[in-house]
Amino acid sequence: MSYAIETQELQYRAGRTFELGPLNLHVPAGAIYGFLGPNGSGKTTTIRLCLGLLRAERGGVRVLGHDVPSQAPAMFARVGYVPERSHLYPNLTVREALALHGAFHRRWDHQAAAELLGTFQLQGDTRIGRLSKGENGKLLMLLALAQRPDLLVLDEPTDGLDPVVRRDVLMALIDFVSESGATVFISSHLVHELERICDWVGVMDRGRLVAEVPMHSFKNGIKRLRVRNAPAQAGDPPFVLLARERGDGASGTEVWVVRGWQATMRQYFEGIGAVLQDVVDLDLEEGFVELLRTARVPRGS
Amino acid sequence: MFDEIDPRNPIPLYDQIAARIRLAVASGDLAEGDALPSVRQLAARLRINPATVVQAYRALEREGFVEMRQGSGTYVRSVSTDRRRQTREDQAARLARDLLTEAARLGIAGTEVARALQREMGARAQ
């Protein structure tokens, strides 16, 4: 498989308290990759390291086959980036910002830029400092899309925007991806939004990548089981037992959080003399919460 | 037609889309020769990964419900009356299974559900 973004043992430190890595990230070419993690888990830092905007302490980064930071200019010609905070000059008008960005990008598509201006209902003569938050978000996405990139790196592109603006921005993004086949690396707290569009998920926690899997296996792999009469010593289960807790129903009922569940594993419970009452599917958000919770708490406590 | 697509549902999105189209064909909402929305249109409208739409259309093509014509689009094929009836029956069976599973979860017996279903049908017939 070829990767649009690949890091090897990437490490970074900020002050005494924040340490990132060693990080081995693999974003498959052509994927829409959702980058999840709680606040402060290192998502933005990772993105900035991948784009050469921060200098790593150790390890390597390759983006679209270019070594970062040594080949960063060649890489940047092919990457559209929407940063967490707007980096645009507030005194420029929207039209001037388009002209400025267009001048830097060889593949700039004037026609696409004009169309998106209409789609997003942005006025060319408005000063950027006077744009609303939603308009600013749309402008950032427009600039990233109009450069026709091979890779889009989006750091919380829709967080804090209203639902109508979010829908417009995502529709424009998907339209571009359908047409171009570009890779998308997107970080967000809006888990349900990522659930719709992503086919890969990476989960960060405390500077480490705790999971990196295709979306369907992430969603199918983690289940909550309701189990009755399980012995204290559960033997050797065929799945990964992430947590085992007392249930809120009748006594003797427990909730097991497991990874790698398959329907054929029901037999295991008969073998240990327990009753499997229910298998609850988790959506991406619940799976994400369970993964973080169980990653932090030692098993069985 | 795609309003009830739910990304939080454990059934994969492509499967939900395919099921919706299968039923539309079975119920006659889509007729032979009708064009499905383009991958680009449907992905943007549902705000989902274009690859998911392609996956759904490919599954429907394998089953013989649609035909993907290179560079033109995806079109509904002729589907026999028997096959259409079977598709509706399969979907009805699936709904019944889901209902019984949900009832069991809440501690309601299958016979109680069946009685309630009869009553509701009676109420609607009036």
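Lettering of chains follows the sequences in order, A, B, ..., and the numbering in each one begins at 1.
Here the CG atom belonging to B:N9 is positioned 8.0 Å from the CG atom belonging to A:D281, to the nearest 0.5 angstrom. Note that the CG atom of B:L13 and the CE atom of A:M215 stand 9.0 Å from one another [nearest 0.5 Å]. Annotation: the span from B:D6 atom CG to A:R196 atom CZ amounts to 8.0 Å, rounded to 0.5 Å. Within the model, atoms CG of B:N49 and OG of A:S178 stand 8.5 Å from one another, a figure rounded to the nearest 0.5 Å.
Of all residues spanning residues 18-45 of chain B, those with a heavy atom less than 4.5 Å away from chain A's heavy atoms are B:R40, B:A43, B:A44, B:R45, arranged by number.
Taking a 6.0 Å sphere around CZ of A:R226, one finds it holds 12 or fewer heavy atoms contributed by other residues, nucleotides or ligands. For B:R58, the CZ atom counts as loosely surrounded, since its 6.0 Å shell holds 12 or fewer non-hydrogen atoms of other residues, nucleotides or ligands. For B:R69, the CZ atom is densely surrounded, since the number of other residues' heavy atoms within 6.0 Å is greater than 12. Heavy atoms of other residues, nucleotides or ligands lying less than 6.0 angstrom from CZ of B:R88 number more than 12.
Your options are A:L284, A:D283, A:L173, and the one with the most heavy-atom pairs under 4.5 Å with chain B is A:D283. Of the listed residues (A:D175, A:V184, A:L170), the one with the most heavy-atom contacts under 4.5 Å to chain B is A:D175.
Judged by distance alone, the side chain of B:R47 and the main-chain N or O of A:I197 form no donor-acceptor pair under 3.5 Å.
Using a 4.5 Å cut-off between heavy atoms, A:V169 does not touch chain B at all. For chain A, the nearby parts of B:I48 are the backbone and the side chain; heavy atoms of each come within less than 4.5 Å. Residue contact with chain B, scored on non-hydrogen atoms closer than 4.5 Å, involves the side chain of A:D278 exclusively.
Contact annotation: the side chain of A:E195 approaches that of B:P7 to within less than 4.5 Å [non-hydrogen atoms, C-beta and beyond].
Partners of B:R119 according to the side-chain contact (heavy atoms from CB on, under 4.5 Å) rule, which considers only residues two or more places apart in sequence or in another chain, are B:R115, B:A116.
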